[in-house]
Visitor: 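Below is the structure I would like to discuss, written out as structure tokens.
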Amino acid sequence: MDHYKQSPSMTPDYKKIYSDLVDLKYPEKKHACAKILAKKNLSSFDVIEINKIIFSYSQNLKANQSHRSYNKETIYKILEYQKKELS
């Protein structure tokens with residue numbers, strides 16, 4: 001039985017994926033995504049930007065950041081930094 005293995009040099013066709021996603025599920029965001037989707041190929045940065053547009057990523061990011069956890073060392077560094085800034 002032959003199994004298809006994707007070689008590391010092959011990348012998904014993000015333009016096709018996101019074009020279909022916008023057309024089928026988020027037609028109201030088509031105008032906002034038009035400039036990015038007009039490109040021949042999408043870069044990693046383009047994928048991040050289009051995710052922000054489609055899924056309102058920035059709102060979710062703020063919510064996720066409020067529930068971060070830190071180890072003791074990081075907390076001490078943050079507190080030291082705040083002390084310096086307030087002095």
Side-chain angles (χ1 to χ4, degrees):
M1 185 187 241
D2 292 324
H3 293 284
Y4 177 77
K5 290 188 178 184
Q6 186 175 9
S7 72
S9 64
M10 292 179 65
T11 58
D13 185 357
Y14 289 116
K15 181 175 176 156
K16 174 78 170 131
I17 292 168
Y18 283 102
S19 293
D20 289 349
L21 186 64
V22 169
D23 288 343
L24 298 173
K25 293 208 173 205
Y26 301 98
E28 70 279 5
K29 297 186 180 186
K30 192 171 193 166
H31 180 71
C33 298
K35 187 175 180 180
I36 296 172
L37 292 175
K39 295 179 178 183
K40 186 176 180 181
N41 294 308
L42 301 184
S43 68
S44 297
F45 182 76
D46 293 329
V47 171
I48 291 168
E49 287 299 307
I50 204 163
N51 269 321
K52 286 181 185 177
I53 295 168
I54 294 172
F55 302 113
S56 302
Y57 182 71
S58 60
Q59 292 174 355
N60 293 335
L61 182 61
K62 287 180 184 178
N64 289 341
Q65 287 180 341
S66 66
H67 299 289
R68 283 188 171 178
S69 62
Y70 299 100
N71 61 22
K72 283 184 181 182
E73 182 181 343
T74 304
I75 292 170
Y76 289 136
K77 286 182 180 181
I78 292 169
L79 292 172
E80 285 298 317
Y81 176 80
Q82 289 175 343
K83 272 189 200 178
K84 284 184 203 177
E85 291 297 312
L86 292 175
S87 299

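Keep in mind that what you see is a predicted model, and the values were worked out from it rather than measured.
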Visitor: Mind checking what makes salt bridge (Lys or Arg N to Asp or Glu O under 4.0 Å) contact with Lys72, not counting sequence neighbours?
Guide: none

Visitor: Quick one: side-chain contact (heavy atoms from CB on, under 4.5 Å) partners of Phe45, sequence neighbours excluded?
Guide: Ser43, Glu49

Visitor: Considering residues at least two apart in sequence or located in another chain, which fulfil the ring pair (Phe, Tyr, Trp, His ring centres under 6.0 Å) criterion with Tyr26?
Guide: Phe55

Visitor: To the nearest 0.5 Å, what is the distance between NZ on Lys25 and CD1 on Ile54?
Guide: 11.5 Å

Visitor: Please identify each residue that fulfils side-chain contact (heavy atoms from CB on, under 4.5 Å) with Lys39, with sequence neighbours left out.
Guide: Leu42, Asp46

Visitor: What pair of heavy atoms forms the shortest contact from Cys33 to Ile50, and how long is it?
Guide: SG-CG1, 3.8 Å

Visitor: Restricting to side chain to side chain donor-acceptor pair (under 3.5 Å), what partner residues turn up for Tyr14, sequence neighbours left out?
Guide: none

Visitor: Using the side chain to side chain donor-acceptor pair (under 3.5 Å) criterion, which residues pair with Lys29? Sequence neighbours excluded.
Guide: none

Visitor: I'd like to check the side-chain contact (heavy atoms from CB on, under 4.5 Å) partners of Asp13; sequence neighbours left out, ordered by chain and number.
Guide: Lys15, Lys16

Visitor: Which residues satisfy the side-chain contact (heavy atoms from CB on, under 4.5 Å) test with Glu80, sequence neighbours excluded?
Guide: Lys83

Visitor: Holding to salt bridge (Lys or Arg N to Asp or Glu O under 4.0 Å), I want the full list of residues that pass it with Lys77, two or more places apart in sequence or in another chain.
Guide: Glu73

